[in-house]
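Remarks on the structure that follows.
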Amino acid sequence: MPSSGPSSGPSSGPSSGPSADSPSRRSPAAPATGPAERLLDAAARLFDREGIRAVGIDRVIATAGVARASLYTHFGSKDALVIAYLERADREDLQRLRRAVRGLGDDPLGRIRAAFDLASSAARRRGYRGCRYLNAATEFPEPGSPVAAVVAEHRTRQRTAFRDALVQLGHPDPDETAARIQLVYDGGLAGSKAERSAEPITRAAALAEALAAATAGR
């Protein structure tokens with residue numbers, strides 16, 4: 001953990017060494033991670049690996065190395081922590097997608113392909129655990145739950161991105177085809193989880209491109 005200040009031995013007086021403000025004595029310290037971020041980091045690791053309902057809040061607190069009061073101060077409950085975990089994951093995924101499609105404004109098929117390429121990279125990075133949003137939806141099937149709302153928002157944004165690419169391609173039925181591409185995407189992630197391989201996502205990407213291109217411009 002970062003030091004709370006410059007380290008020194010007992011001082012014999014003000015002239016015993018360079019002052020605390022001396023640039024030659026200062027070493028930059030990494031910014032401390034606050035308890036809220038540590039809880040989110042711990043939740044992400046545990047929920048992703050073992051499932052949300054299987055992980056008790058005491059394990060999250062212990063893994064984060066924070067006081068129990070920190071959970072209630074920053075989130076209020078495990079359910080609120082789950083929502084924050086999913087919302088942060090969604091923000092991070094959106095940032096990755098924006099970086100991946102930068103410069104692809106004139107390449108709608110490339111933007112569709114980029115979503116699958118990111119899914120393939122994430123599958124390998126996360127150890128083929130499937131789609132975290134679909135996993136969460138399975139664990140919280142109640143349609144009115146806050147978890148369902150976060151998952152729905154993520155999926156709506158994803159489908160809209162597919163639709164926008166199809167509109168740019170001149171596809172005659174962008175709404176239905178975007179829904180089909182999302183279905184293919186879901187299947188690729190499910191196959192990846194079952195086979196512990198990114199190959200199903202690669203196959204799904206080829207199917208999605210075929211769907212996008214087959215009737216585009218007709």
Side-chain angles (χ1 to χ4, degrees), residues 28 30-34 36-49 52 81-137 147 149-171 174-175 177-193 196-213 216:
T33 303
E37 283 299 312
R38 287 159 65 185
L39 283 163
L40 283 170
D41 290 343
R45 290 195 299 273
L46 293 170
F47 294 165
D48 217 30
R49 186 171 64 236
I52 297 171
L81 178 63
V82 171
I83 299 302
Y85 145 73
L86 289 171
E87 289 176 338
R88 187 178 75 162
D90 185 46
R91 288 193 301 272
E92 292 172 347
D93 286 342
L94 179 57
Q95 290 168 0
R96 290 188 187 100
L97 181 62
R98 284 175 172 166
R99 288 193 296 268
V101 302
R102 193 173 295 151
L104 297 178
D106 296 326
D107 185 5
L109 277 179
R111 297 202 304 275
I112 292 173
R113 190 183 310 116
F116 286 82
D117 288 345
L118 285 174
S120 182
S121 297
R124 289 190 290 268
R125 184 177 69 249
R126 296 175 53 242
Y128 306 105
R129 296 187 177 96
C131 173
R132 59 164 58 91
Y133 306 100
L134 294 182
N135 290 345
V147 168
V150 176
V151 172
E153 183 176 349
H154 169 82
R155 290 176 61 76
T156 296
R157 177 174 54 75
Q158 181 186 61
R159 188 181 300 188
T160 298
F162 291 147
R163 183 189 182 280
D164 290 346
L166 292 165
V167 168
Q168 188 174 357
L169 280 167
H171 201 289
D175 292 302
T177 305
R180 292 179 182 184
I181 290 175
Q182 188 170 50
L183 184 63
V184 168
Y185 179 93
D186 292 343
L189 267 66
S192 173
K193 183 178 182 178
R196 299 194 60 77
S197 165
E199 188 59 31
I201 301 174
T202 302
R203 296 192 187 101
L207 286 172
E209 287 190 59
L211 281 170

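- Counting only distance, with no hydrogens or angles, the side chain of Arg203 and the backbone of Gly188 share no donor-acceptor pair below 3.5 Å.
- Counting heavy atoms from C-beta on, the side chains of Gln158 and Tyr185 come closer than 4.5 Å.
- When every heavy atom of Arg129 is checked against every heavy atom of Arg49, the shortest pair comes out as NE-CA, 3.5 Å.
- A parallel orientation is assigned to the rings of Tyr133 and His154, their planes being inclined by less than 30° (bins at 30° and 60°).
- Taking all atoms of both residues into account, the shortest heavy-atom contact from Ile201 to Ala119 is CD1-O, 3.7 Å.
- Between Val184 and Leu211 there is a side-chain heavy-atom pair separated by less than 4.5 Å.
- The main-chain N or O of Thr156 is found under 3.5 Å from a side-chain atom of Thr160 such that the two form a donor-acceptor pair.
- Distance check, rounded to the nearest 0.5 Å: CD of Glu153 to CG of Leu86 gives 11.0 Å.
- Val147 has its side chain out of reach of Ile52: every pair of non-hydrogen atoms, C-beta onward, lies at least 4.5 Å apart.
- Rounded to the nearest 0.5 Å, atoms CZ (Arg98) and CG (Asp93) are 12.0 Å apart.
- A pairwise comparison of heavy atoms in Leu104 and Ala100 identifies CD1-O, 3.6 Å as the closest pair.
- Atom CZ of residue Arg163 and atom CD1 of residue Ile112 lie 12.5 Å apart, to the nearest 0.5 angstrom.
- Considering every non-hydrogen atom in both Gly130 and Asn135, the closest pair reads C-ND2, 4.1 Å.
- When every heavy atom of Leu166 is checked against every heavy atom of Ala178, the shortest pair comes out as CD1-N, 3.4 Å.
- Salt bridge status for Arg157 with Asp90: present, with a side-chain N to carboxylate O gap under 4.0 Å.
- Contact check for Leu207 versus Phe116: no side-chain heavy atoms found under the 4.5 Å cut-off.
- Counting only distance, with no hydrogens or angles, the side chain of Asp48 and the backbone of Arg126 share no donor-acceptor pair below 3.5 Å.
- For the pairing with Asp186, the salt bridge (Lys or Arg N to Asp or Glu O under 4.0 Å) check across Arg159, Lys193, Arg180, Arg155 returns one residue only, Arg155.
- In summary, Asp41 and Arg38 do not engage in a salt bridge, as defined by a charged side-chain N under 4.0 Å from a carboxylate O.
- The minimum heavy-atom distance linking Ala212 with Leu109 is given by the pair CB-CD2, 3.6 Å.
- Of the possible donor and acceptor atoms, none in the side chain of Arg132 sits under 3.5 Å from a partner among the backbone N and O of Ala136.
- Residue Glu199 places its CD atom among more than 12 non-hydrogen atoms of other residues, nucleotides or ligands, all under 6.0 Å distant.
- Counting heavy-atom neighbours within 6.0 Å of Arg125 CZ, excluding the residue itself, gives a total above 12.
- Rounded to the nearest 0.5 Å, atoms CG (Leu81) and CG (Leu39) are 6.0 Å apart.
- Remark: the backbone N or O of Ser197 is paired with a side-chain donor or acceptor of Ser192 at under 3.5 angstrom.
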